[in-house]
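See structure below.
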2 protein chains.
Amino acid sequence: MSYTKTEENYLKAIYGLESKFGKSVSTNDLANKLKTKASSVTDMVKKLSKKELITYEKYQGVSLTKCGKEIAINIIRNHRIWEVFLVEKLGYKWDEVHEIAEQLEHIKSEELVDRLDDFLEHPSFDPHGDPIPDKKGNIPTRKKAIQLSELGIGEEGIIVGVKNTNNEFLQYLEEMNLTLGKKIQVEKEFDFDKSKIIKTDNQSVTISKEVSSHLIIEKK
Amino acid sequence: MSYTKTEENYLKAIYGLESKFGKSVSTNDLANKLKTKASSVTDMVKKLSKKELITYEKYQGVSLTKCGKEIAINIIRNHRIWEVFLVEKLGYKWDEVHEIAEQLEHIKSEELVDRLDDFLEHPSFDPHGDPIPDKKGNIPTRKKAIQLSELGIGEEGIIVGVKNTNNEFLQYLEEMNLTLGKKIQVEKEFDFDKSKIIKTDNQSVTISKEVSSHLIIEKK
DNA sequence: TAAAATTTTTAGATAAGTCTAAAAATTTAT
DNA sequence: ATAAATTTTTAGACTTATCTAAAAATTTTA
Ligand SMILES: [Mn+2]
Ligand SMILES: [Mn+2]
Ligand SMILES: [Mn+2]
Ligand SMILES: [Mn+2]
């Protein structure tokens, strides 16, 4: 069985919202995430429900079935593997790959992404630090990853992920020298707004709570 | 300006038929090539005409405008570069890549295929020996390429292309050891049906006129 | 708990691309 | 030059995914 690009995007969006909020997904939230109208969502949700990819009851929101979840995770796998390819092999920057991966993730082929995965030597994380599900849907985890906002003064860590893949944010991080793999140390924290001074290899930068809560760190 | 997958496929098909027959393309031929109905073709052809990608007069068939031709060639460029990638980097066989490239050719990105082209070190021909247009639309040519059917007894050459990318044909060639780059020599020709005995590096095979006329050779 | 606000669904339209059946135009054959 | 055959176009319908506006259900507020 094969699904339309639209169906796949709905499943992916439902998966994302379900994981984020830990409960069934509302029509409005879905409409908002997919930049469409609630009425359109209702239509599609009925269709996906009939195909048993989601469970849906009027006014109660939706959640993925086992099958729907598998499909969603597979699309996410495709997306992230393509992002690795674009950055590692074609030299794209991490803020340039998302849109293209949004297209590539829908290419229909049993083998393609598995071959690409071999070619890339089975990466576990994408250019934004997000985990890449394996063929069976298992998602790698990081043992002791925390938000930079939780790191105390003097403590050291390595940047392993970003919790926001907005292009401007990624470009900002690039300028601040806060990219994946960078070793950092908390130099100071300002109580009044929880902003921090962060020491990287060659400079110190001040970042807001907003920023530090979107950076994922592995403690040294 | 960006076009739908369908529009792009129509332009590509028109380009192919126009090149092949050297005259304007009929509704029926187009319908046949695109595996759709003549009535659907008439609709789309009106649409492309309004966009000035083709010229169209009722009952007179269509031909590409400069702009339409540029788009068609660009899609072909995409297709062939992706085919090279699939074969060279992901280890696909030449009979496995066409369908996937049919999808990949429509990915919308200014840069993607150019970067891929760099990554592949600017190939001039795809895995089937078809020329890859450059970014400006220039199509590489081979000076002295001829059909194997034109090669005389005793003459030698190298296989540089196939004029039919049907999967079964490609698999047949593989079995006969008649793949791109192979050196061959005409051992014998049978007058009654123009079939030939061909010597390759390690064996002799008999092939029909049908087959030899679809193999492109560069004379030694 | 009743009114107000919000969310969700329904009803009806639209656009792209496709199809069948029938009409119109063109080409081929007699 | 007509008739017959073929090609092409038109007319009308269908599917998918969308939208707006209005109705219905649910949740919040007072
Ligand atoms: Mn992404
Ligand atoms: Mn990512
Ligand atoms: Mn091809
Ligand atoms: Mn090819």
Side-chain angles (χ1 to χ4, degrees), chain A residues 1-14 17-18 20-21 23-64 68 71-72 75 102-103 105-108, chain B residues 1-14 17-18 20-21 23-64 68 71-72 75 102-103 105-108:
Chain A
M1 205 133 300
S2 189
Y3 303 94
T4 67
K5 188 183 288 195
T6 309
E7 288 172 330
E8 290 181 346
N9 281 334
Y10 268 82
L11 294 175
K12 194 169 55 133
I14 295 166
L17 292 169
E18 216 176 13
K20 187 169 174 185
F21 298 114
K23 56 171 188 188
S24 71
V25 178
S26 75
T27 303
N28 255 11
D29 284 356
L30 211 38
N32 190 50
K33 174 107 172 187
L34 290 164
K35 296 195 166 112
T36 185
K37 295 290 140 79
S39 54
S40 305
V41 171
T42 300
D43 285 348
M44 180 56 77
V45 133
K46 283 177 181 170
K47 188 178 161 196
L48 293 173
S49 174
K50 200 184 316 187
K51 293 190 179 184
E52 300 192 59
L53 299 173
I54 62 177
T55 58
Y56 162 64
E57 275 180 283
K58 272 190 185 180
Y59 295 97
Q60 299 312 123
V62 300
S63 55
L64 295 172
I71 295 164
I75 302 297
E102 285 290 307
Q103 299 179 61
E105 70 187 10
H106 301 291
I107 300 291
K108 262 76 191 167
Chain B
M1 205 134 300
S2 188
Y3 304 94
T4 68
K5 187 182 289 193
T6 308
E7 288 172 330
E8 290 181 346
N9 281 334
Y10 268 83
L11 294 174
K12 194 169 57 134
I14 295 165
L17 293 169
E18 216 175 13
K20 186 167 174 185
F21 299 114
K23 55 170 188 191
S24 71
V25 179
S26 75
T27 303
N28 255 10
D29 284 355
L30 210 38
N32 190 50
K33 175 112 172 183
L34 290 165
K35 299 200 165 105
T36 185
K37 296 291 141 77
S39 53
S40 305
V41 171
T42 301
D43 285 349
M44 180 55 77
V45 133
K46 284 178 181 168
K47 188 178 161 197
L48 293 173
S49 175
K50 199 181 317 182
K51 293 191 180 183
E52 300 191 60
L53 300 173
I54 62 178
T55 58
Y56 162 66
E57 275 180 283
K58 272 190 187 182
Y59 296 97
Q60 297 314 121
V62 300
S63 55
L64 295 173
I71 295 164
I75 301 296
E102 285 290 307
Q103 299 179 61
E105 70 187 11
H106 301 291
I107 299 291
K108 262 76 191 167

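Proteins get letters first, then strands, A, B, ... in listed order; numbering begins at 1 in each. All of these numbers come straight from a predicted model, not from anything done at the bench.
- Between B:Thr6 and the phosphate of C:dA16, there is no side-chain N or O to OP1/OP2 separation shorter than 4.0 Å.
- Nearest heavy-atom pair across B:Ala38 and B:Thr27 is O-CG2, 3.5 Å.
- Ranked by how close their nearest DNA chain C nucleotide is to the 5' end, B:Glu7 and A:Lys46 are led by A:Lys46.
- Nucleotide C:dT9 holds its C1' atom 15 Å from the CD atom of A:Glu57, rounded to whole Å.
- Look at CE on B:Met44: it is 15 Å from P on C:dA15, rounded to the nearest Å.
- Atom NZ of B:Lys20 has 12 or fewer neighbouring heavy atoms from other residues, nucleotides or ligands inside a 6.0 Å radius.
- Comparing A:Ser39 and B:Tyr56, the nucleotide of DNA chain D nearest to each residue sits closer to the 5' end for B:Tyr56.
- Side-chain N/O atoms of A:Tyr59 include none lying less than 4.0 angstrom from OP1 or OP2 on C:dT10.
- One finds the OH atom of B:Tyr56 at 5.0 Å from the OG1 atom of B:Thr42 (value rounded to the nearest 0.5 Å).
- Straight-line distance from the NZ atom of A:Lys58 to the P atom of D:dA25: 8 Å, rounded to whole Å.
- Between D:dT8 and B:Asn28, a contact under 4.0 Å exists linking OP1 or OP2 to a side-chain N or O.
- The residue among A:Asp43 and A:Gln60 whose nearest nucleotide of DNA chain D lies closer to the 5′ end is A:Asp43.
- Of all the heavy atoms in A:Gln103 and B:Lys108, the pair that sits closest is OE1-N, 2.6 Å.
- Contact annotation: side chain of A:Thr42 to base of C:dT10, donor-acceptor pair absent below 3.5 Å.
- For A:Lys37 and D:dT18, the NZ to C1' distance is 10 Å, given to the nearest whole Å.
- Taking atom CG on A:Asn9 and atom P on D:dT16, their separation rounds to 17 Å, with Å as the unit.
- Regarding A:Leu30, its CG atom lies at a distance of 15 Å from the C1' atom of D:dT18, rounded to whole Å.
- Between the side chain of B:Ser24 and the backbone N or O of B:Gln60 there is at least one donor-acceptor pair closer than 3.5 Å.
- Taking atom NZ on A:Lys50 and atom C1' on D:dT15, their separation rounds to 13 Å, with Å as the unit.
- A:Thr27 comes within contact range of the sugar-phosphate backbone alone, with a heavy-atom separation under 4.0 Å but no base atom that close.
- In this structure, A:Leu48 places its CG atom 13 Å from C1' of D:dT16, rounding to the nearest Å.
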